[in-house]
There are 2 protein chains.
Amino acid sequence: MKDVATAAGVALKTVSRVVNGEPGVHPATAERVRAAIDRLGYSRNESARVLRRGRTATIGLVIEDVADPFYAGLSRAVEEVVIAHDCLLLSGSSGEEPGRERELVETFCARRVDGLIIVPAGDDHTYLRPELEAGTKVAFADRPPGAGLAADTVLADNAGGAGQAVRHLLEHGHHRIAFLGDAPGIFTAAERHRGYRDALGGLYDARLVAMRPPAPETMRADLERMFALDRPPTALFTGNGRCTVAALRALAGQRPVALVGFDDFELADLLRPGVTVVVQDPAWMGRVAAELLFRRLRGDVGPPEHIQLPVRLVARGSGELPP
Amino acid sequence: MKDVATAAGVALKTVSRVVNGEPGVHPATAERVRAAIDRLGYSRNESARVLRRGRTATIGLVIEDVADPFYAGLSRAVEEVVIAHDCLLLSGSSGEEPGRERELVETFCARRVDGLIIVPAGDDHTYLRPELEAGTKVAFADRPPGAGLAADTVLADNAGGAGQAVRHLLEHGHHRIAFLGDAPGIFTAAERHRGYRDALGGLYDARLVAMRPPAPETMRADLERMFALDRPPTALFTGNGRCTVAALRALAGQRPVALVGFDDFELADLLRPGVTVVVQDPAWMGRVAAELLFRRLRGDVGPPEHIQLPVRLVARGSGELPP
DNA sequence: ATGAAAGCGCTAACAC
DNA sequence: GTGTTAGCGCTTTCAT
């Protein structure tokens, strides 16, 4: 900036004014400055700017895994909102590890992000307290923060969606409905299990429940165990996209079994039968979380918002198979 | 840092030493400083550090769209390498728009990223010249930079993979093989078309070629046009994952037609017939590009590297259907 | 309409 | 083993 000022024969401050589009510079002077900028290939040093102003115009996003389609969709939506607000997005994947989540958050905070959007892996967020007090805004998506922290949160109607799935299968004549969900420590998995259990009422049977990270072998083992029961399941409810895919793969080649999955996935309609799913909208969730965050950054105070997004069942065939 | 120094009864520089793990601080002093840090909830201001040191420990990644599984996989791999080097990742999606690509790159450069990994949308990268001269390192992935710019580049064997696909179909008795590819302006689409044409030789027929962004309606129209020809295609070669999915959707419910697609996708093995594809590895590409970049950041000079990653055909049924 | 000076929080260079 | 000083490039405040 000093070099530009020298080259244009003006003071540093005038260059600053031009670069920032501040008023009060003579058009001719401004033109001279702009020429010098082009000639020297100058571009403003954002670090210095941030240091001086205190605001970074950067948002941090912590998700589980960008390579998971659900979070990829959420990321893209967040990115769009962030860009629309002339900010930049730092993002990282926690891989479902609380330690990694905290590391990412702390790194982002050290970079003085203005706000954070977190899909938590852990359930203790007291470590965020100092940051919140320092003015960093935080919004949670997909899963709520751990106890003792109040912050804007956007969740899907997990229990309600699970209830819809179960009732749909009940209506199609099933009484033995298995639940194949992710690890019970994951909020969404627990909520969907709750919705499943509540909808089943007296039909609930713990032997028809398996909850752990979906892997081909364990999924196959769980299904074999359940099908070997006296009264085996006639229908399956899978707890998220990865579980659904794992189950479909484990069942491939066998006689089709009634199935409803939580989360839509590409090609669900092209399989035979088409896969009936409870659909949630990751982009919507991302957009809402980001908008919530920017509202706070704009100075909105008031109690934390808790938004629940509706989900809906899309029937494609697999959920309508008879027992 | 000043406050911490006061609280610990030491000089600023000593705090700096402790924070940065520099040697030459008495363990007892260091402990006192750490206690003060915890008590005050201090965390180093990275902007100031960057301003002073000149290095940001940040890498910028420009891709087409995080929500596309191919780029999501690439992103995740890049992220892992970046983290392993104690750096952070800024990322953005260009949405196949050259203007947006340039905007993102310039924003990243204003933030003084140490290096950039770019999946280019445009074909003119002369705008990068000043940045390169300023010392920013750049690596290209999936597509090469525009003419006149020499930089490390990682590409898949697009033409070779297309050749494999076509020869596979020829070996299964097909002589009329259509190509359904993305817009010809996209490097990978053009290369795959070239490989297709070369492998077909005298059998090449321009009426069996359609190249444009895959959309349900246009895909259906293209297929209808081709199937209405005197000598309609008996097999299809689709130019990328999105084209394959669009074609499968357009053909759903009809008699299965022989098909080989470029790019693998989730569930390709669960469709009936399984979808034969030419597989490339997005994570590998991301990892190689990132490693190349960090090698440059470590000071490696020497001529730009051009790496071509192999692809391989995975037969699953659809590519083995007879004419 | 333009400029001079102070200082954001840190690290590098050099004392002691 | 510890402290002092200068200055990274910018914005803010206040003068002119």
Side-chain angles (χ1 to χ4, degrees), chain A residues 1-37 40-58 86 88 106-107 109-114 130-131 134-136, chain B residues 1-37 40-58 86 107 109-114 130-131 134-136:
Chain A
M1 202 174 248
K2 198 168 78 180
D3 294 348
V4 172
T6 314
V10 296
L12 192 90
K13 176 68 234 196
T14 302
V15 179
S16 171
R17 287 204 176 90
V18 172
V19 168
N20 295 301
E22 284 170 33
V25 178
H26 193 89
T29 319
E31 204 33 68
R32 238 174 42 242
V33 170
R34 260 187 291 273
I37 285 174
L40 295 162
Y42 166 82
S43 99
R44 180 173 64 193
N45 182 320
E46 291 295 327
S47 303
R49 176 167 219 243
V50 162
L51 177 59
R52 190 57 239 243
R53 304 192 57 189
R55 282 196 67 246
T56 54
T58 306
D86 282 320
L88 234 54
E106 286 177 344
T107 316
C109 287
R111 304 247 171 166
R112 299 293 185 270
V113 292
D114 297 333
E131 306 301 342
T136 309
Chain B
M1 201 174 249
K2 200 167 75 182
D3 293 349
V4 173
T6 314
V10 296
L12 191 84
K13 178 69 230 196
T14 301
V15 179
S16 170
R17 286 203 177 91
V18 172
V19 168
N20 295 300
E22 284 171 34
V25 178
H26 193 89
T29 319
E31 205 34 68
R32 237 174 44 242
V33 170
R34 261 189 291 274
I37 286 174
L40 295 162
Y42 166 82
S43 101
R44 180 173 66 193
N45 182 323
E46 291 294 326
S47 302
R49 175 166 220 246
V50 161
L51 177 59
R52 188 60 240 242
R53 305 191 54 185
R55 283 195 67 245
T56 54
T58 307
D86 282 320
T107 315
C109 287
R111 304 243 171 169
R112 298 295 185 269
V113 292
D114 297 333
E131 304 302 343
T136 309

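The sequence lines fix the lettering, A, B, ..., with proteins before strands; numbering per chain opens at 1.
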**OP:** For the residue pair A:Val18 and A:Arg34, establish whether any side-chain heavy-atom pair is separated by less than 4.5 Å.
**Re:** yes

Subject >> Partners meeting salt bridge (charged side-chain N to carboxylate O under 4.0 Å, His left out) with A:Arg52 (sequence neighbours left out) >> reply: none

**OP:** Please name all residues satisfying side-chain hydrogen bond (donor to acceptor under 3.5 Å, both in side chains) with A:Glu106, sequence neighbours left out, ordered by chain then number.
**Re:** A:Arg102

Original post:
Does anything in residues 42-51 of chain A pair up under side-chain hydrogen bond (donor to acceptor under 3.5 Å, both in side chains), and if so which pairs, sequence neighbours excluded?
Top reply: A:Asn20-A:Arg44, A:Asn20-A:Arg49, A:Ser43-B:Arg112, A:Arg44-A:Glu46

Original post:
Given atom CZ of B:Arg55 and atom P of C:dC10, what is their separation to the nearest angstrom?
Top reply: 19 Å

**OP:** Write down the atom of B:Ala7, the atom of B:Leu40, and the distance for their closest heavy-atom approach.
**Re:** CB-CD1, 3.9 Å

Original post:
When you check the phosphate oxygens OP1 and OP2 of C:dT2, does a side-chain N or O of A:Thr14 lie under 4.0 Å from one of them?
Top reply: no

Original post:
Once you build an axis from the first five pairs and another from the last five of the helix from C:dA1-D:dT16 to C:dC16-D:dG1, how far apart in angle are they, to 10 degrees?
Top reply: 30°

Original post:
Which distance, rounded to the nearest 0.5 Å, do you find between the CG of A:Leu12 and the CG of A:Asp3?
Top reply: 10.0 Å

Subject >> Nucleotide nearest A:His26 (side chain, heavy atoms from C-beta), chosen from D:dT2, D:dG3, C:dT2 >> reply: C:dT2

Original post:
Tell me, for nucleotides 8-16 of chain D in 5' to 3' order, what letter each nucleotide earns: B for a base near a protein heavy atom under 4.0 Å, S for only sugar-phosphate near one, - for neither?
Top reply: BBBBBB---

Original post:
Looking at residues at least two apart in the chain, or sitting in another chain, which of them share a salt bridge (charged side-chain N to carboxylate O under 4.0 Å, His left out) with B:Arg53?
Top reply: none

Original post:
Between the main-chain N or O of A:Glu22 and the side-chain N or O of A:Arg17, is there a donor-acceptor pair closer than 3.5 Å?
Top reply: no

**OP:** Pick base, sugar-phosphate or nothing for B:Val50, based on heavy-atom distances below 4.0 Å to the nucleic acid.
**Re:** nothing

